[in-house]
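Here the structure comes first, spelled out in structure tokens, and everything after it is commentary.
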Amino acid sequence: MKRVGFTLNGKTTTCDVEENELLLHTLRERLSIASVKEGCSIGECGTCTVLIDNEPCYACLTLTAKVEGRDVLTVEYLAHADLLHPLQESFISHGAVQCGFCTPAMLLVGYSLLLKHRQPTDEQIREAMSGNLCRCTGYVQIIEAIKDAAPVFIHSGS
Amino acid sequence: MLPPFSYIAVHSKQEALTSLASLAGAALLAGGTDLLVRMKKGETHRYVIDLTGAAELSGVKDRGGTLRIGSGMTHARIGAHPAIAKTCGGLAAACSAVGSPQVRNMGTLGGNLVNASPAADSIAPLLVHNAVVTLESIDGMRSEKLERFITGPYRTTIGKHEILTSVEADTLAGYNEGYRRVAKRAGWAISRLSLAWALNDADGVFKDVRIAVGSCTPVPFRPREAEAFLAGKGRERPVVEEAVKMVLDEIRRISGMRPSFAYKLPVVRDLLLSVLGGDSCS
Ligand SMILES: Cc1cc2nc3c(=O)[nH]c(=O)nc-3n(C[C@H](O)[C@H](O)[C@H](O)COP(=O)(O)OP(=O)(O)OC[C@H]3O[C@@H](n4cnc5c(N)ncnc54)[C@H](O)[C@@H]3O)c2cc1C
Ligand code: FES
Ligand code: FES
């Protein structure tokens with residue numbers, strides 16, 4: 001076992017994990033963050049995406065020991081109490097959520113993009129989403145949702 | 001799930017070199033996008049040494065005539081680096097084409113080269129820049145040309161106790177350079193190909209032509225005969241067509257005839273014709 005300390009959704013977190021443990025499993029099984037999904041497990045579907053220091057990474061290919069001292073965000077970070085983040089509201093109003101399996105990760109890549117580009121082009125949105133599969137929506141609704149959230153985008157947690 | 005191992009985080013290059021020399025059965029971990037996928041499929045190691053904390057492996061230095069790029073640089077950082085974009089643009093383009101944003105945020109140049117897949121995107125542009133890799137162990141340091149370092153698909157000359165610390169690439173000012181790849185979605189195991197180039201021409205005459213072809217041969221390669229043939233010649237259609245034929249012949253000579261060539265070779269031909277031909281031949 002190994003003790004790992006990192007910031008999870010703005011809170012200092014310490015956790016004892018196996019040395020070969022993946023961040024995906026630590027989040028889901030030890031920290032009850034079930035929004036991070038296990039799809040393919042080998043870096044191809046994107047459903048396990050988390051933000052590490054604000055950059056999208058696959059939790060299925062990240063050892064938990066590797067996030068020592070880093071800042072990890074999951075979709076739980078976006079909403080406050082009962083209030084959804086404008087990006088989440090936008091996903092709902094655009095019908096960008098169907099089965100919902102890809103949604104937490106899609107929200108995170110959208111959030112990370114909007115942190116860097118307040119007015120992203122369609123091309124930038126498509127590029128940002130290119131590591132995430134959605135089997136339901138056909139993507140167009142997600143692109144529109146991210147684009148329309150841009151003007152009301154607020155940095156969650158600040 | 002991953003097979004069990006002891007995880008070791010190092011905080012400097014020196015610590016990494018010492019750990020690697022003293023621990024039998026250790027694997028180096030950079031971004032993990034190749035290593036952990038292999039380990040999920042059953043590859044085992046007694047120790048995994050995480051290089052992320054070795055700050056010396058990161059960063060880019062302009063050494064006047066060459067750029068030294070740390071092996072720990074991620075594809076995302078290479079793609080966004082101003083000095084690399086300016087004098088090593090083909091590499092910036094190639095790293096920006098790797099996998100997905102997540103893979104680019106995690107995967108490193110060192111991992112890409114040591115893994116040495118025939119389809120590794122950084123290899124072809126680095127060949128165009130006559131790249132030399134630096135390998136270090138506790139016993140010392142050595143440099144090797146990239147084209148010698150990679151000896152076959154997934155094979156390199158790296159020693160058991162060596163770390164690839166940096167890559168040095170010629171800066172090419174005044175060249176028109178780039179990278180193109182033809183790929184299906186990264187995850188699909190379907191053949192693809194790539195082309196890196198850097199051209200220096202003036203008044204319709206080729207001065208220096210550098211080409212590297214990836215994914216057609218066991219190791220990405222420079223078609224030297226065709227490059228030499230073009231040097232000093234006019235940028236004209238018949239000249240370019242002759243050079244393209246030389247490249248295709250060389251691919252067939254190296255790899256023999258493969259079923260995938262029915263689709264790959266015409267694509268290589270068309271890419272080369274448009275890159276070498278430029279406006280003068282269209
Ligand atoms: C979904 C997906 C898509 C991908 N798409 C592409 C693509 O489009 N193009 C492409 O080229 N690659 C692609 N890859 C492969 C991979 O992402 C790259 O090869 C990447 O650059 C590997 O770097 P890494 O830091 O993750 O290496 P790791 O997995 O950490 O290491 C790879 C190997 O190199 C060794 N190693 C790492 N660093 C060093 C060092 N400094 N010195 C000595 N040995 C070292 C490790 O021990 C290991 O054997 C993809 C991978 C995935 C999972
Ligand atoms: S579960 Fe990580 S990318 Fe599919
Ligand atoms: S909403 Fe079902 S996979 Fe995207």
Part of A/Glu21 lying under 4.5 Å from any heavy atom of chain B: neither
Heavy atoms of other groups near B/Arg38 CZ, more than 12 under 6.0 Å: yes
Contact origin within A/Ser41 toward chain B - heavy atom pairs under 4.5 Å: both
Separation between CD1 of B/Ile8 and NZ of A/Lys2, rounded to the nearest 0.5 Å: 9.5 Å
Atom CZ of B/Arg46: over 12 foreign heavy atoms under 6.0 Å: no
Side chain B/Gln102, main chain A/Tyr58, donor-acceptor under 3.5 Å: no
Straight-line distance of B/Thr52 OG1 to A/Arg70 CZ, nearest 0.5 Å: 7.0 Å
Side-chain donor or acceptor of A/Lys66 paired with backbone N/O of B/Ala9 under 3.5 Å: no
pair A/Leu63-B/Leu29: side-chain heavy atoms closer than 4.5 Å: yes
B/Asn105 side chain vs A/Pro56 backbone, donor-acceptor pair below 3.5 Å: yes
Atom pair OH (B/Tyr7) and CD (A/Glu18), whose distance is rounded to the nearest 0.5 Å: 15.0 Å
Non-hydrogen side-chain atoms of A/Leu22 and B/Lys40 separated by less than 4.5 Å: yes
B/Arg180, CZ atom: more than 12 neighbouring heavy atoms under 6.0 Å: no
A/Leu61 versus chain B, the contacting section by heavy-atom distance below 4.5 Å: both
Residue A/Arg135 excluded, over 12 heavy atoms near CZ under 6.0 Å: no
A/Cys40, part contacting chain B, at a heavy-atom distance under 4.5 Å: neither
Over 12 foreign heavy atoms within 6.0 Å of CZ, A/Arg3: no
Heavy atoms from other residues, nucleotides or ligands near NZ of A/Lys116 exceed 12 (cutoff 6.0 Å): yes
For A/Gly131 against B/Ser100, the heavy-atom pair lying closest together: CA-CB, 3.4 Å
